[in-house]
Amino acid sequence: MGGGPLDHSSRMPIALIDCNNFYASCEQLFQPVLLGKPVVVLSNNDGCVVARSAEARALGIPMAAPWHTLKDLARRHCVVALSSNYALYGDMSARVMRILSQFSPLQEVYSIDECFLDLAGAQPSPTACGRAIHTEIKRLTGLAVGVGLGTTKTLAKFANHCAKKRLEFGGVCPLFEMSTVEADRLLAWAPVRDIWGVGIRLATRLESMGIRTALDLKRAAPSRIRAAFSVTLERTVRELNGEVCLGLMAGPGARKQILSSRSFGQLISDLPPLEEAVVSYATRAAEKLRQQGLLTGNIGVFLRTNPFRTDLPQEDRSLSLTLHPTDDTRIIAQAALKTLREIYRPGFAYQKAGVLLADLVLGVCRTFRPHHVKIAAL
DNA sequence: TCTGGGGTCCTAGGACCC
DNA sequence: TCTGGGGTCCTAGGACCC
């Protein structure tokens, strides 16, 4: 062994491309007066921060922070806070994805602002292709992207992280063509929490075992990780070592569930406004269902109070109903209402409800597609 | 009396991602 | 006063079957 040619497949690069500060960048693009200013985009009901411009990040505004806790800081530094505009972000996303699709025959759109591309065979080289992506997206859309190239998805994700955090890469990190020594130096620099699939809980447990950096995780024995954690984290370890465990999936896989839920602007105790909310969620969920050409055989409704309000009695109930597969808004809304009435109990201040469609199967669309359903008709 | 071993399906819950 | 809205995968345990 040793001395032979490298296994070609182990050097096939996968690219992970994502947009920097996507929502905030979209807003700055369409309102150039915001360029150079600290901008945050807020979630529905303007509850939390879901995106920050570089300037807002520099002020130390954390992701997902409740907006009300930041008001003073925001006033002092003239932070511009915007409600989210998903129509705008969706449109920009489609433009970016269309451009990226021209760089590879195999694209997996992973989220609204990122995708994987298979760059095996890219001309003149994968790294040159990565640089072309970086400049072309900027030129054609005005958006800045980071590009990471690795031999597995997990390594491509990590390379992308390096491309954004370390200026010497100029936005493109070709991790796949680095020597082991160079690559391990980068992995040693990153806390284990920066690896895709390691959240705060796993990071805490890993650290207590002495696994503190990404390199520590790469060097951990897969069997030990599997025993102490799960097959998911074992795969992460293998992928850090260049073993492909997660394939690229072309096209969006068939949905397994469709969820439509929302926090209310204010707490709700009475049944009628809850019915109104649940019917509107059911209507939206049914629209998504038909868009994907699916039928649902199981409708669930959940209802819960605000878990942060420890001063109030807590309630969190859910119930689901099996039915003949359908995509009919009337039937779905009716089932959702029936379920809601079963789980509703007076005396609680509810904060959130949702409708979950499961047991999805491929099917043909029905004819009746109302935009609105009146509760009285149900 | 002894109370197996393997399979499936379902649900709940934990953890993660963006 | 004020804490998002989507999703995914995995595991454990119970019910039921032969």
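Here the structure is a predicted model, which is why all the values come from computation and not from measurement. We name chains A, B, ... by the order of the sequence lines, and we start the count at 1 in each one.
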Query - side-chain N/O A:Asn45 vs C:dC2 OP1/OP2, d < 4.0 Å - result: no
Report task. Report which part of the nucleic acid A:Asp113 touches: base, sugar-phosphate, or nothing (heavy-atom distance under 4.0 Å, all strands). Result -> sugar-phosphate
Query raised in the report: Which nucleotide in the set C:dT3, B:dC18, C:dC2 lies at the smallest distance from any side-chain heavy atom of A:Glu114?
Result: B:dC18
**Report entry** Under 4.0 angstrom between A:Arg309 side-chain N/O and C:dT3 OP1 or OP2
**Finding:** no
Query - Closest listed nucleotide, where the reference is the side chain of A:Lys352 and the choices are C:dT3, C:dG5, B:dC17 - result: C:dG5
Report task. Please check the phosphate of C:dC2 (OP1 and OP2 only) for any side-chain N or O of A:Gln266 closer than 4.0 Å. Result -> no
Return the polar atom pairs (N/O with N/O) between nucleotides 6-15 of chain B and the protein under 3.5 Å, or none.
{"residue": "B:dA15", "atom": "OP2", "partner": "A:Arg201", "partner atom": "NE", "Å": "3.4"}

Query - Base partner of C:dC18, which must satisfy Watson-Crick or wobble distances under 3.5 Å - result: B:dG5
Requested in this report: Name the nucleic acid region contacted by A:Tyr110, choosing base, sugar-phosphate or nothing; use a 4.0 angstrom heavy-atom cut-off, strictly under.
Outcome: sugar-phosphate
Query raised in the report: For A:Asn306, which contact category applies under a 4.0 Å heavy-atom criterion: base, sugar-phosphate, or nothing?
Result: sugar-phosphate
Query raised in the report: If you check every side-chain atom of A:Arg262, which of C:dC2, C:dG5, B:dC17 has the closest atom?
Result: C:dG5
Requested in this report: Output yes when at least one side-chain N/O atom of A:Thr232 is less than 4.0 Å from OP1 or OP2 of B:dC16, else no.
Outcome: no
Report task. With the side chain of A:Lys157 defined as its heavy atoms from C-beta on, choose the nearest nucleotide among C:dT1, C:dG4, B:dC18. Result -> B:dC18
